[in-house]
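Before any comments, here is the structure.
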Amino acid sequence: MNAITAESILEELDHQYPCNQDEMNFLKFRNPFELLIMTILSAQTTDVTINGLRDELFSAYPNPAALARADPLDVERIIHSAGFYHSKAKNIIGTAKMLEENFGGVVPRTIEELTTLPGVGRKTANIVTNHAFHEACGIAVDTHVRRLSKKIGFTQNTDPEKIEKDLMKLFPEKWWSKINYLLIRHGRAVCTAKKPDCMKCIIRHNCQSYINSGEE
DNA sequence: ATCCCGAGGG
DNA sequence: CCCTCTGGAT
């Protein structure tokens with residue numbers, strides 16, 4: 001697929017899925033520390049759930065130093081509704097401690113540094129660089145991005161890191177921080193893993209999978 | 001019942 | 001590659 005076609009697909013999705021209030025709230029973090037912690041907590045859960053606990057969490061622990069000395073049981077109680085609360089509490093406290101000890105209390109700016117933090121994988125690290133620093137170091141590849149990228153024809157690879165490289169070559173930087181959001185939305189609303197609703201899909205005429213199914 | 005807007009570990 | 005960790009949405 002050529003770059004012009006690929007970019008026009010994202011433009012259509014961008015028109016179809018404007019940010020709703022909950023997501024705007026999520027991205028309207030007050031500082032990189034909050035975005036980092038919120039992104040760790042967001043794994044396998046919804047933004048709506050996460051947004052409900054942000055005020056209590058950050059009024060109790062406004063900075064890495066405070067979170068580093070938090071009682072794990074207190075943190076678990078606050079973040080309970082996010083799911084995986086035991087490991088997530090351990091991870092965000094561990095991250096706060098590491099920020100204090102290794103990074104002078106400041107959230108690092110590179111993928112390599114960020115992924116050394118507990119609970120921070122490549123996807124989370126990319127979300128942070130994209131939205132906290134607007135440096136667009138890379139593209140956050142989660143299961144939806146992975147599935148749809150191959151299906152639509154943005155890439156032929158299945159390995160997340162290879163997919164990321166392919167997408168970075170295919171799209172200009174201005175899309176890097178948005179691809180994740182757009183493909184997730186489309187992946188949940190229309191192009192689901194189980195039953196993709198191609199007749200509702202506004203980009204089907206450019207979708208490799210749809211074209212190959214022989215319906216046009 | 002089943003599936004996840006992941007990461008870590010075996 | 002496989003498993004586990006959780007609550008919530010559907």
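Predicted model only: the values in this text are computed from it and were never measured. Atoms considered below: every heavy atom in the structure, side chains included; atoms not considered: hydrogens, waters and symmetry mates. So that the names make sense, note that chain A is the first sequence line, chain B the second, and so on, each numbered from 1.
- Residue A:Lys150 is tested with A:Thr158, A:Asp166, A:Val145 for a side chain to side chain contact (heavy atoms under 4.5 Å, CB included); the sole match is A:Thr158.
- A:Ile111 has its CD1 atom 11 Å from the P atom of B:dA7, to the nearest Å.
- When the P atom of C:dG8 is taken as reference, atom CG of A:Leu53 falls 11 Å away, rounded to whole Å.
- Of the residues listed (A:Met168, A:Lys165, A:Lys123), the one engaging A:Ile139 in a side chain to side chain contact (heavy atoms under 4.5 Å, CB included) is A:Met168, and it is the only one.
- Counting to the nearest Å, the P atom of B:dG8 and the CG atom of A:Leu114 are 12 Å from each other.
- The separation between A:Ile78 atom CD1 and C:dG7 atom P is 16 Å, rounded to whole Å.
- Note on A:Ser81: only backbone sugar-phosphate atoms sit closer than 4.0 angstrom, heavy atoms only; bases stay farther off.
- One interatomic measurement links the two molecules: NZ of A:Lys195 to C1' of B:dC3, which rounds to 16 Å at whole-angstrom precision.
- Rounded to an integer number of Å, the gap from A:Glu76 CD to C:dG7 P is 11 Å.
- Between atom CG of residue A:Leu10 and atom CZ of residue A:Phe171 there is a gap of 4.0 Å, rounded to the nearest 0.5 Å.
- Regarding A:Asp197, its CG atom lies at a distance of 16 Å from the P atom of C:dT10, rounded to whole Å.
- Grouping the Ile, Leu, Val, Met, Phe, Trp and Tyr side chains by contacts below 4.5 angstrom, directly or via other members, places A:Leu117 with A:Val107.
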Check nucleotides 1-6 of chain C against the protein and report each pair of N or O atoms closer than 3.5 Å, with its distance, or say if there are none.
{"from": "C:dT6", "atom 1": "O4'", "to": "A:Phe84", "atom 2": "N", "distance (Å)": "3.1"}

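- A:His86 has its side chain within reach of A:Glu76: a pair of non-hydrogen atoms, C-beta onward, lies under 4.5 Å apart.
- Of all nucleotides listed (B:dC3, C:dG8, B:dA7), C:dG8 comes nearest to the side chain of A:Thr49.
- You'll find the side chain of A:Arg69 stays beyond 4.5 Å of the side chain of A:Glu100, heavy atoms only.
- Toward the 5' end of DNA chain B, the nearer of the two residues A:Leu117 and A:Thr46, judged by each one's closest nucleotide, is A:Thr46.
- Across the protein-nucleic acid pair, A:Arg147 atom CZ and B:dC4 atom C1' stand 11 Å apart, rounded to whole Å.
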Apply the test ring pair (Phe, Tyr, Trp, His ring centres under 6.0 Å) to residues A:His131 and A:Phe29: give CA-CA distance (whole Å), side-chain angles for both, the deciding distance (0.1 Å), then the verdict. CA-CA 9 Å; A:His131 295 292; A:Phe29 57 96; 7.9 Å; no

